[in-house]
Structure formats: structure tokens, C-alpha cells
A.B. asks: 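Following this message is one structure expressed as C-alpha cells.
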Amino acid sequence: MVKEEKSEQARFRPARRPRAWHQGQLDFFCAIYAVINALVLTHGINLSACRKLLADTLKTLSTHSFLWQAVLRNETDFYWLVDYMLAQFCQSGPLKTKTLAAKTGRAGGFQEKNFGPECLKLEEVFLYRKDESPCRSSPEDLWKRLKDWLPEEDPTLAPQPSPYDVENWFSQTDAGADAGPERRARAVILRFNRYLPFSDQPIITHWTTARAFEGDTLLLFDATADQGATHSIALDQCALHKSQLSPTRQLEIELASIRLLEAAPYNAFLHMPQVV
């Protein structure tokens with residue numbers, strides 16, 4: 001009788017232990033976390049400031065039903081949200097931001113624009129940006145520009161500082177107006193799409209933050225804790241347009257998503273020229 005009872009229990013026992021979902025795995029807030037992590041790198045904002053930035057952003061979005069539903073259901077590309085958060089931070093702290101765009105013509109290359117502190121009007125944003133023409137620039141061109149912006153990895157520093165120890169890490173970088181280019185408090189925000197071979201649609205679309213280079217590998221400061229998450233991007237793995245994808249290049253970086261961030265002296269930021 002006991003054996004039959006155990007057998008009955010075994011019939012309903014799952015073959016594998018259920019996996020608990022981690023906080024953040026059931027939402028689409030990667031763009032919000034990318035901005036917050038970038039500001040951790042550039043300004044060393046602490047845990048309470050990160051929480052406030054998250055709460056204030058979500059509270060504001062909740063007052064705009066159209067945008068709120070789009071964020072909750074992943075029905076937008078989040079370009080507008082990244083720029084909105086950066087504009088909000090510009091009003092309270094010195095932040096120097098540049099955007100990249102592909103130049104037209106055969107030569108390729110990039111156009112850079114300074115991102116000013118003016119606020120976006122959420123009532124007027126579009127959920128998706130307009131499609132761009134094929135990019136003539138190569139991943140090698142982008143890597144050269146990003147290497148000029150980001151430092152080389154320093155093995156003496158903690159590779160992934162948490163919000164709890166970031167203040168110590170930030171002080172070690174000697175960031176400031178007098179610091180050399182390799183020690184300036186800088187970060188890069190970008191969006192990438194990961195494809196499978198012979199697939200026309202990405203299996204993953206993700207906003208993230210880059211912090212440094214290690215050789216030709218871009219090191220990320222990413223919010224995702226999943227075992228298979230992307231925490232670095234090698235030059236020979238990436239493309240800048242779907243037309244550049246190949247069996248060895250399955251990760252597309254959206255050039256229009258790139259935001260180059262740097263902590264700047266407040267007075268210098270106020271007089272930064274605006275480029276139209």
C-alpha cells in the first residue's frame with residue numbers, strides 16, 4: 001500500500017525542479033537599467049540615487065497611458081526613453097553626451113552631435129524610430145571611435161562594481177576635469193540585436209552599457225544576470241547593419257542607439273555648443 005502511494009506521488013512529481021524567476025526577468029526595463037548603469041560609471045551615483053531614478057521614471061511614465069502600456073508590453077524600441085532619462089539627468093547634474101549617426105555617401109564614417117539638456121515632451125514621442133538606410137561604416141570604424149572614448153581595461157580595478165562598492169571604484173578612477181583620457185568617467189549606451197544563422201528576425205534585442213575595452217573586445221556593464229547573458233562583444237562578432245551579418249557575425253549594434261557619455265564640469269556643460 002505504501003509503495004503504491006509513493007508511485008502515485010511520483011506520477012505528479014515534476015521531472016525537473018522549477019526555476020525561480022529573478023527580479024527583472026519578467027519586465028522590459030533594460031533601457032532604463034542601461035541609463036542608470038551608465039550614470040553609475042560616469043557619476044558614481046549610489047544605490048538610493050539609482051532607486052530614485054528608476055522610481056521617478058516609472059512614475060512619470062505611468063501618467064502617460066500610451067507610453068506606459070508600450071513599455072510594459074515591449075511595444076517600442078525605447079530610443080525616446082533613453083533620451084528622456086538623459087535629458088532629465090542633465091537638468092540636475094553635469095553630463096556631456098554625444099550621439100553617433102552614419103554619414104551619407106560612399107566614404108562612410110560618423111556624424112556626432114552634442115545632446116543638450118532640453119527635455120523631451122513625452123506627449124510627442126514616437127514609439128519607434130524611422131528606418132535608416134544601410135550603414136556604409138564598418139565595425140572596425142566603430143571600434144576605432146569607441147576605443148578613443150573608452151579606456152582600456154585596468155586589471156587593478158574591480159571589473160563589475162556593484163552599487164554597493166561603486167563609490168570606492170569611482171574614486172580609484174581619478175575621474176575629473178584634470179584626468180587623462182584613459183581615466184575620464186565615461187560610458188557608452190547602445191542597443192544590439194542577436195540573430196541565429198539564417199534567421200531574419202533577432203532572437204534578442206537588448207539595451208546595455210559599455211565600460212572599457214580589452215584588446216578588441218568591448219566589455220559591458222550589463223544589468224542581466226542570466227547565465228547566457230552577453231557581457232562582452234568581440235569585434236569579429238558584430239555588425240552595424242543586417243546586410244553585414246554572416247555566420248560568424250550574428251550580433252548587430254544599432255548605430256543610431258549609441259550615446260557617448262562623460263561626466264563634465266557644470267560650467268563647461270552650460271556653455272557646450274549645440275549642434276543642430
A.B. asks: If you take all heavy atoms of Pro247 and Gln250, which pair is closest and at what distance?
C.D. replies: CA-NE2, 3.4 Å

A.B. asks: Would Glu152 and Lys147 pass as an ion pair if we require N to O under 4.0 Å?
C.D. replies: no

A.B. asks: May I ask you to list the residues sharing a hydrophobic cluster with Trp21, side-chain cutoff 4.5 Å, ordered by chain and number?
C.D. replies: Leu26

A.B. asks: Show the numbers, then the answer: is there a side chain to side chain contact (heavy atoms under 4.5 Å, CB included) between Gln201 and Asn193?
C.D. replies: CA-CA 9 Å; Gln201 297 297 323; Asn193 305 305; over 6 Å; no

A.B. asks: Okay, side chain of Glu214, backbone of Leu219: is any donor-acceptor separation there less than 3.5 Å?
C.D. replies: no

A.B. asks: Once rounded to the nearest 0.5 Å, what's the spacing between atom CD of Glu153 and atom OG1 of Thr217?
C.D. replies: 11.0 Å

A.B. asks: Do Leu142 and Leu255 have side-chain heavy atoms sitting under 4.5 Å apart?
C.D. replies: yes

A.B. asks: What are the two closest heavy atoms between Leu245 and Ala239, and how far apart are they?
C.D. replies: CD2-CB, 4.0 Å

A.B. asks: Kindly indicate whether the side chain of Leu261, heavy atoms from C-beta on, has any atom under 4.5 Å from the side chain of Leu86.
C.D. replies: yes

A.B. asks: Please find the pair of heavy atoms, one from Ser137 and one from Leu240, that lie closest to each other, and give the distance.
C.D. replies: O-CD1, 3.6 Å

A.B. asks: Regarding His206 and Asp222, is there a side-chain donor-to-acceptor distance under 3.5 Å anywhere?
C.D. replies: yes

A.B. asks: Can you name the residues that form a side-chain contact (heavy atoms from CB on, under 4.5 Å) with Cys238, not counting sequence neighbours?
C.D. replies: Pro139, Trp143, Ile233, Leu251, Ile253

A.B. asks: Are Val125 and Val71 connected into the same hydrophobic cluster when the rule is that any two of I, L, V, M, F, W, Y join if their side-chain heavy atoms are below 4.5 Å apart?
C.D. replies: yes

A.B. asks: Apart from Phe126 itself, which Ile, Leu, Val, Met, Phe, Trp or Tyr residues share its cluster (side-chain heavy atoms under 4.5 Å, direct or through members)?
C.D. replies: none

A.B. asks: Which pair of heavy atoms, one from Thr230 and one from Ser232, lies closest together, and at what distance?
C.D. replies: CG2-O, 3.3 Å

A.B. asks: So Phe221 and His231, do their side chains get closer than 4.5 Å, heavy atoms only?
C.D. replies: no

A.B. asks: Please name all residues satisfying side-chain contact (heavy atoms from CB on, under 4.5 Å) with Asn74, sequence neighbours left out, ordered by chain then number.
C.D. replies: Phe28, Phe78

A.B. asks: Kindly write out the residues that satisfy salt bridge (charged side-chain N to carboxylate O under 4.0 Å, His left out) with Asp236, not counting sequence neighbours, or none if the list is empty.
C.D. replies: none

A.B. asks: Quick check: does any side chain N or O of Glu124 sit under 3.5 Å from a backbone N or O of Lys121, one acting as donor and the other as acceptor?
C.D. replies: no

A.B. asks: Quick one: salt bridge (charged side-chain N to carboxylate O under 4.0 Å, His left out) partners of Asp27, sequence neighbours excluded?
C.D. replies: none

A.B. asks: Do any pairs count as a salt bridge (Lys or Arg N to Asp or Glu O under 4.0 Å) and have a residue in residues 58-79, sequence neighbours left out, and if so which ones?
C.D. replies: none

A.B. asks: Going by side-chain contact (heavy atoms from CB on, under 4.5 Å), name the residues that satisfy it together with Glu140, two or more places apart in sequence or in a different chain.
C.D. replies: Ser138, Leu235, Arg249

A.B. asks: State which residues pass side chain to side chain donor-acceptor pair (under 3.5 Å) with Ser246; sequence neighbours excluded, sorted by chain then number.
C.D. replies: Thr248

A.B. asks: Taking Ala38's backbone N and O only, do any of them form a donor-acceptor pair with Thr42's side chain (distance below 3.5 Å, no angle check)?
C.D. replies: yes

A.B. asks: So, using side-chain contact (heavy atoms from CB on, under 4.5 Å) as the criterion, who are the partners of Leu127 when residues are at least two apart?
C.D. replies: Phe66, Leu67, Ala70, Thr76, Trp80

A.B. asks: Can you tell me how far apart SG (Cys30) and CH2 (Trp207) are? Round to the nearest 0.5 Å.
C.D. replies: 8.5 Å

A.B. asks: Are His43 and Phe89 close enough that their ring centers fall under 6.0 Å?
C.D. replies: yes

A.B. asks: Applying side chain to side chain contact (heavy atoms under 4.5 Å, CB included) to Ile204 and Tyr195, what does each step give before you reach the verdict?
C.D. replies: CA-CA 7 Å; Ile204 294 175; Tyr195 291 82; over 6 Å; no

A.B. asks: Would you list the pairs meeting salt bridge (Lys or Arg N to Asp or Glu O under 4.0 Å) in which at least one residue belongs to residues 197-210, sequence neighbours left out?
C.D. replies: Asp200-Lys242

A.B. asks: What residues, two or more places apart in sequence or in another chain, satisfy side chain to side chain donor-acceptor pair (under 3.5 Å) together with Ser257?
C.D. replies: none

A.B. asks: Ignoring hydrogens and angles, tell me if any N or O in the side chain of Arg186 forms a donor-acceptor pair with the backbone of Trp149 under 3.5 Å.
C.D. replies: yes

A.B. asks: How many angstroms lie between CG in Leu190 and CD1 in Ile258, if you round to the nearest 0.5 Å?
C.D. replies: 6.0 Å

A.B. asks: Which residue in the set Thr57, Val82, Leu53, Asn37 passes side-chain contact (heavy atoms from CB on, under 4.5 Å) when paired with Ile32?
C.D. replies: Thr57

A.B. asks: Can Tyr79 and Glu254 be counted as having a side-chain donor-acceptor contact under 3.5 angstrom?
C.D. replies: yes

A.B. asks: Mind listing the closest non-hydrogen atom pair of Pro151 and Arg211 along with its distance?
C.D. replies: CD-O, 3.5 Å

A.B. asks: Whether the side chain of Asn46 engages the backbone of Ala49 through a donor-acceptor N/O pair (distance < 3.5 Å, no angle test) should be reported.
C.D. replies: yes

A.B. asks: Which atom names give the shortest non-hydrogen contact between Leu61 and Leu81, and what distance separates them?
C.D. replies: CD1-CD1, 4.0 Å

